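Read through the structure below, which is laid out as structure tokens, and then see the notes.
Keep in mind that this is a model prediction, so the values were computed, not measured.
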Amino acid sequence: MTSEQITNTGSVMANHGSIQTPAQTQLRQDGSSNGGPSERKRDLRWRPAMLHPASLRVLLPWLTSIIGIASALCLVIAWFPSTVWNTPIVSSDAPAHYYFIRRLLDEGLGAALHLWPHNSFYPPLFHVCAYFVIRIAALFGVQCSIYAAFNITWIIASGVIFPSGMLVLCRYFLQRWNRGNPISRISQASSTPESSSVSESSNVSNQQVSSAVNRQYNATFDATFDATFVLQNLIGLFVPVLAVSSVCHPYGLLNAGPLIAFGFATSLLPFLIAATLRLFDAIAAREHIVKWLVITAIAGVVCLVAHPRIAFTYALILVPFIVLRLPWKLILGAFIAMCVGAVAFVALMLTSFKSDRWANPASWFHSHQPSKNLWESISFCFTDGLDGFPAILFALLLIAGTVAAFVCAFRRAAVRSSDSLSAAVSTVAPVFSADADALVSDAAVSLVSASDLPAASCSDAADVSLSAPSEPSRPCRNDRLRDVIALTAAFLLVTLVYVCTVTLVGALPNIISAPWYRDENRIMTMLPLVALPLLVIGVNALSECVSACAASASFVPSASSFSAKNSASSVPSLSSASAVSSVKNVSFASNWIGPIAAFLVIAILAVSAQLVCPSRTAARDAIIAHSSLNQSDPNEQLTEQKITVLRKVMERTGSQATIISDPLNGSMYAETLFNASMLYPIINARTDVPSVPFGKVETAFASGDGQQVLGTVCPLTDAPEYFLTMGDQAQSLQSFPYRAQYDSFHNEELIDAYVDGGTLVKVADYSQYGQGWALYRFGCAD
């Protein structure tokens with residue numbers, strides 16, 4: 001500069017109230033028009049209340065949650081077979097669940113603790129809910145059948161409770177992943193006393209430039225935060241839909257048995273897992289521990305009342321989180337508790353089920369046959385049980401997203417270490433500059449470089465140490481890395497159990513899968529619990545990586561242009577304005593490209609999973625076939641002929657008389673179809689339990705001794721006792737391991753002998769419906 005220019009510049013600095021350069025005047029005018037108090041007031045005055053950021057921040061999560069859960073409910077209702085609203089599902093476990101609901105209606109809620117026919121405990125929560133559905137409908141004058149109450153409870157559990165729980169669980173991980181933002185720390189740092197003191201040492205024009213850049217940079221931060229927030233909610237919009245897209249749960253269990261109680265517990269389990277993880281957070285932060293301990297305990301009791309065996313699924317999924325997120329003393333305590341529970345379970349099995357194969361694990365589940373080869377079982381896990389194109393897309397997103405999550409988590413650790421080192425250096429040797437041009441130029445370059453942080457660093461502010469210099473060494477936890485490792489480990493554990501169940505044979509696979517009865521249907525319910533959270537975390541990480549690439553591509557020319565302008569300009573405000581322009585150019589690419597791509601991919605996955613779903617359709621068709629009365633085999637559990645016979649039997653005996661029959665011929669359905677009093681209302685009345693009539697009646701009937709039969713049967717009730725024959729056992733129940741105990745009930749020679757001896761008296765002949773079908777009355781003196 002010449003001496004005259006220096007003098008003029010000094011005049012500008014000393015008399016900034018009256019003398020302005022044209023560029024400074026324009027910048028002040030722009031700053032006033034864009035960010036002045038009066039203008040901000042006008043913006044707030046004219047902005048609709050519903051579009052206020054605070055309102056959107058509250059309403060958007062609720063809105064997306066309601067839409068997502070409502071969509072999931074509609075999908076479940078659309079899938080549900082219409083044939084089972086008036087007729088039962090004809091399968092192995094279905095009669096027991098119908099009977100439990102009937103018993104609650106007959107005896108009240110007091111029967112909830114002893115629902116079995118021999119008065120032992122069975123998890124009652126599902127049946128209690130169905131009971132309340134019937135009672136609530138009655139308050140409005142609506143008569144709700146047991147089958148309708150059963151279906152409504154299942155639909156609520158599967159279409160509302162389960163997708164809601166998965167949404168809570170996935171949003172928990174998303175919030176931890178996206179917690180904070182690096183730019184927020186930079187923005188905060190710019191307003192610290194240290195930065196203020198540096199700013200005060202500059203001239204007024206530099207303060208105006210810095211203010212303009214900060215305003216633009218804060219706008220960039222707001223856009224970044226909004227992009228992350230919107231992505232969380234858009235992903236949350238599709239989580240409930242994806243939760244009910246797989247045949248793994250809830251559809252498979254309705255067809256398998258149906259395994260209603262276990263399925264109900266599985267639908268509740270995401271809430272318990274989320275509450276437990278919140279408890280781990282509270283323990284790490286040493287605050288609100290009692291609150292989350294109580295919530296977790298309540299959720300645990302509810303799940304155990306739904307089905308105690310869900311504890312094995314819970315423990316399997318939580319093991320990696322326990323190891324990675326708890327202090328070593330609590331880890332040791334948790335594993336001691338698991339060992340105690342395992343010993344108790346083994347003791348229960350040894351005392352409840354008598355067998356000579358306990359010492360030979362290879363002989364357990366001797367009738368089990370592998371259903372898939374190794375590739376099929378592994379691919380089923382990685383596709384979450386989806387079909388076709390959705391399965392391929394799910395697997396690709398799961399694998400690529402997991403890799404991206406690990407990359408982002410490790411880069412976060414690197415950024416954290418770098419920022420911690422920078423903070424430590426800044427406390428020892430703060431940098432001062434006397435040259436105003438250099439100060440403004442360096443500040444602008446720093447701000448523009450920082451604009452690339454949220455996308456390029458793949459980190460969140462929870463571990464980026466840009467706080468006050470007084471705490472540069474505060475320890476930070478890499479929550480991202482812990483979560484992705486734990487979720488990946490949980491997924492691999494579930495995959496291991498599934499592969500052992502459906503593919504491998506021998507002692508070790510039997511031991512590993514024994515807690516779930518080596519049942520494929522129970523084990524595959526665990527897949528959505530681990531695959532879906534891992535998927536959404538991975539998609540979020542992929543969004544960050546896409547934004548990072550887009551930001552890098554957009555920023556390179558902007559940075560070079562800024563450097564050229566900065567070197568050619570003698571006015572600081574012009575170079576700083578170029579920095580503002582560079583931030584504007586890069587903000588859209590760095591903030592919205594990734595979320596838009598993530599939204600499109602998740603939307604395609606969710607929609608295509610509803611269009612290509614042969615597995616779900618096959619499960620629905622199987623249930624329709626099971627509930628159909630038009631069976632080609634006349635000995636199946638329920639046919640038109642058997643429904644007619646059971647109705648005629650009830651017209652003759654009434655609801656008080658006890659009816660004995662082989663339950664495997666379908667007679668057990670008379671309990672809930674016509675309110676009959678069947679001695680065997682389910683296929684397994686447990687003959688090995690003392691002080692119950694089931695085993696005694698079977699033994700007496702098989703003895704051929706009429707007096708023993710009458711001495712055993714007649715004291716059962718004060719009402720008459722009847723015996724019903726309806727052919728052989730159904731082919732669909734041949735897998736029942738204890739079916740031979742009922743062989744005497746369809747032994748025609750033995751029945752004829754009892755008729756000849758007067759032990760049985762035929763009171764109705766139904767041979768026109770089936771050979772040998774008839775109703776007999778026991779010859780008791782009543």
Report task. Report the C-alpha distance between Glu671 and Tyr98 in whole Å, list the side-chain angles of each, state the deciding distance to 0.1 Å, and finish with yes or no for side-chain hydrogen bond (donor to acceptor under 3.5 Å, both in side chains). Result -> CA-CA 9 Å; Glu671 181 88 26; Tyr98 298 140; over 6 Å; no
**Report entry** Gln768 CD: over 12 foreign heavy atoms closer than 6.0 Å
**Finding:** yes
Query raised in the report: Okay, side chain of Ser377, backbone of Leu374: is any donor-acceptor separation there less than 3.5 Å?
Result: yes
Requested in this report: Under the side-chain contact (heavy atoms from CB on, under 4.5 Å) rule, what do Cys381 and Leu527 come out as? Steps first, then yes or no, please.
Outcome: CA-CA 7 Å; Cys381 294; Leu527 286 172; 3.8 Å; yes
Requested in this report: Can you see which heavy atom on Pro123 is nearest to which on Ala306, and at what distance?
Outcome: CB-O, 3.1 Å
**Report entry** Spatial distance of atom CG (Leu710) from atom CD (Gln707) [nearest 0.5 Å]
**Finding:** 6.0 Å
Query raised in the report: Between the main-chain N or O of Val755 and the side-chain N or O of Thr759, is there a donor-acceptor pair closer than 3.5 Å?
Result: no
**Report entry** Option passing side chain to side chain contact (heavy atoms under 4.5 Å, CB included) with Ser246 (candidates Asp387, Asp384, Thr525)
**Finding:** Asp384
Report task. Taking all heavy atoms of Gly159 and all of Val76, pick out the closest pair and write down the distance. Result -> CA-CG2, 3.8 Å
Query - Verdict with supporting geometry, Tyr680 and Tyr742, ring pair (Phe, Tyr, Trp, His ring centres under 6.0 Å) - result: CA-CA 10 Å; Tyr680 297 93; Tyr742 302 118; 5.4 Å; yes
Query raised in the report: When you measure from the side chain of Ser703 to the backbone N and O of Ala700, does any donor-acceptor pair fall under 3.5 Å?
Result: yes
Query - Donor-acceptor contact below 3.5 Å, side chain Tyr754 vs main chain Gly704 - result: yes
Query raised in the report: Using a distance-only test with no angle check, is there a side-chain donor-acceptor pair under 3.5 angstrom linking Glu698 and Ser744?
Result: no
Query raised in the report: Hey, does the side chain of His368 reach the backbone of Thr501 with a donor-acceptor pair shorter than 3.5 angstrom?
Result: yes
**Report entry** Ring centres under 6.0 angstrom apart (Phe121, His114)
**Finding:** no
Report task. Please report the C-alpha distance between Thr313 and Thr266 in whole Å, then the side-chain angles of each, then the deciding distance to 0.1 Å, and finally whether the side-chain contact (heavy atoms from CB on, under 4.5 Å) criterion is met. Result -> CA-CA 9 Å; Thr313 301; Thr266 301; 6.0 Å; no
Query raised in the report: Crowded around Gln143 CD? As in, over 12 foreign heavy atoms under 6.0 Å?
Result: no
Query raised in the report: Say you draw a straight line from OH of Tyr769 to NZ of Lys648; how long is it, rounded to the nearest 0.5 Å?
Result: 4.0 Å
**Report entry** Within 6.0 angstrom of Asn86 CG, more than 12 heavy atoms from elsewhere
**Finding:** no
Query - Closest contact, heavy atoms only, Ile134 versus Ala149 - result: CG1-CB, 3.4 Å
Query raised in the report: Taking atom types as modelled and ignoring hydrogens, do the side chains of Trp79 and Thr617 form a donor-acceptor contact shorter than 3.5 angstrom?
Result: no
Query raised in the report: Just how far is it from atom CD of Gln637 to atom CG of Leu733, taken to the nearest 0.5 Å?
Result: 3.5 Å
Query raised in the report: Does the side-chain contact (heavy atoms from CB on, under 4.5 Å) test come out yes or no for Ile260 and Leu253, once each step is laid out?
Result: CA-CA 7 Å; Ile260 292 300; Leu253 293 187; over 6 Å; no
Query raised in the report: Between Phe150 and His97, how do the two ring planes meet: parallel, tilted or perpendicular, split at 30° and 60°?
Result: tilted
Query raised in the report: Are Phe262 and Trp516 close enough that their ring centres sit under 6.0 Å apart?
Result: no
Requested in this report: Verify, without hydrogens or angle tests, whether Ser145 (side chain) and Ala148 (backbone) share a donor-acceptor contact under 3.5 angstrom.
Outcome: yes
Requested in this report: Kindly indicate, with the supporting measurements, whether the criterion ring pair (Phe, Tyr, Trp, His ring centres under 6.0 Å) is fulfilled by His118 and Phe694.
Outcome: CA-CA 8 Å; His118 56 275; Phe694 308 107; 7.1 Å; no
Requested in this report: State whether the side chain of Arg777 and the backbone N or O of Val761 hold a donor-acceptor pair below 3.5 Å, judged by distance alone.
Outcome: no
Query - Gln641 CD to Leu629 CG distance, which is reported to the nearest 0.5 Å - result: 9.5 Å
Query raised in the report: Between Ile512 and Arg518, does a side-chain contact (heavy atoms from CB on, under 4.5 Å) hold up when you go through it step by step?
Result: CA-CA 8 Å; Ile512 291 176; Arg518 197 173 175 116; over 6 Å; no
Query raised in the report: Should we count OH of Tyr738 as having more than 12 external heavy atoms under 6.0 Å?
Result: no
Query raised in the report: In a check of ring-ring contact (aromatic ring centres under 6.0 Å, His included) between Trp154 and each of Phe80, Phe264, Tyr147, Trp85, which one passes?
Result: Phe80
Query raised in the report: Do the non-hydrogen side-chain atoms of Ile683 and Ser92 ever get within less than 4.5 Å of each other?
Result: yes
Query raised in the report: Between His127 and Thr153, does any side-chain donor sit less than 3.5 Å from a side-chain acceptor?
Result: no
Query - Distance-only donor-acceptor check, side chains Asp662 and Gln729, under 3.5 Å - result: yes
Requested in this report: Verify, without hydrogens or angle tests, whether Asn510 (side chain) and Pro361 (backbone) share a donor-acceptor contact under 3.5 angstrom.
Outcome: yes
Query - CD/Glu107: more than 12 non-hydrogen atoms of other groups inside 6.0 Å - result: yes
Query raised in the report: Atom CG in Leu679, atom CE in Met668: separation rounded to 0.5 Å?
Result: 14.0 Å
Query raised in the report: Is any side-chain heavy atom of Met726 closer than 4.5 Å to a side-chain heavy atom of Leu646?
Result: yes
Report task. Ignoring hydrogens and angles, state whether a donor on the side chain of Ser627 or Thr87 is under 3.5 Å from an acceptor on the partner side chain. Result -> no
Query - Expected output: side-chain Ser661 to main-chain Pro663 donor-acceptor under 3.5 Å - result: no
Query raised in the report: Tyr498 vs Phe380 aromatic rings, parallel, tilted or perpendicular, using cut-offs 30° and 60°?
Result: parallel
Requested in this report: Could you tell me how the ring of Phe745 sits relative to the ring of Phe701: parallel (under 30°), tilted (30 to 60°) or perpendicular (over 60°)?
Outcome: perpendicular
Report task. Could you verify whether a donor N or O on one side chain and an acceptor N or O on the other, from Thr639 and Gln631, lie under 3.5 Å apart? Result -> no
Query raised in the report: Is the distance between the ring centroids of Tyr776 and Tyr722 less than 6.0 Å?
Result: no
Requested in this report: Determine, for Phe345 and Arg309, whether the Lys NZ or Arg CZ falls below 6.0 Å from the six-membered ring centre while staying within 45 degrees of the axis.
Outcome: no
Requested in this report: Hey, could you give me the CG/NE2 distance between Leu259 and His307, rounded to the nearest 0.5 Å?
Outcome: 8.0 Å
Report task. Looking only at non-hydrogen atoms, find the nearest pair between Val505 and Pro370 and report the distance. Result -> CG1-CG, 3.7 Å
Query - Expected output: side-chain Arg616 to main-chain Leu386 donor-acceptor under 3.5 Å - result: no
Report task. Might you confirm whether atom NZ of Lys372 has over 12 heavy atoms from other residues, nucleotides or ligands at distances under 6.0 Å? Result -> yes
Query - Trace of the side-chain hydrogen bond (donor to acceptor under 3.5 Å, both in side chains) decision for Thr644 with Glu640 - result: CA-CA 6 Å; Thr644 302; Glu640 292 283 1; 5.5 Å; no
Report task. Determine whether more than 12 heavy atoms belonging to other residues, nucleotides or ligands lie under 6.0 Å from atom CD of Gln656. Result -> no
Query raised in the report: Distance only, no hydrogens: is a donor on one side chain within 3.5 Å (strictly under) of an acceptor on the other, for Ser767 and Gln771?
Result: no
Query raised in the report: Would you call Pro117 and Pro681 a side-chain contact if the rule is heavy atoms closer than 4.5 Å?
Result: yes
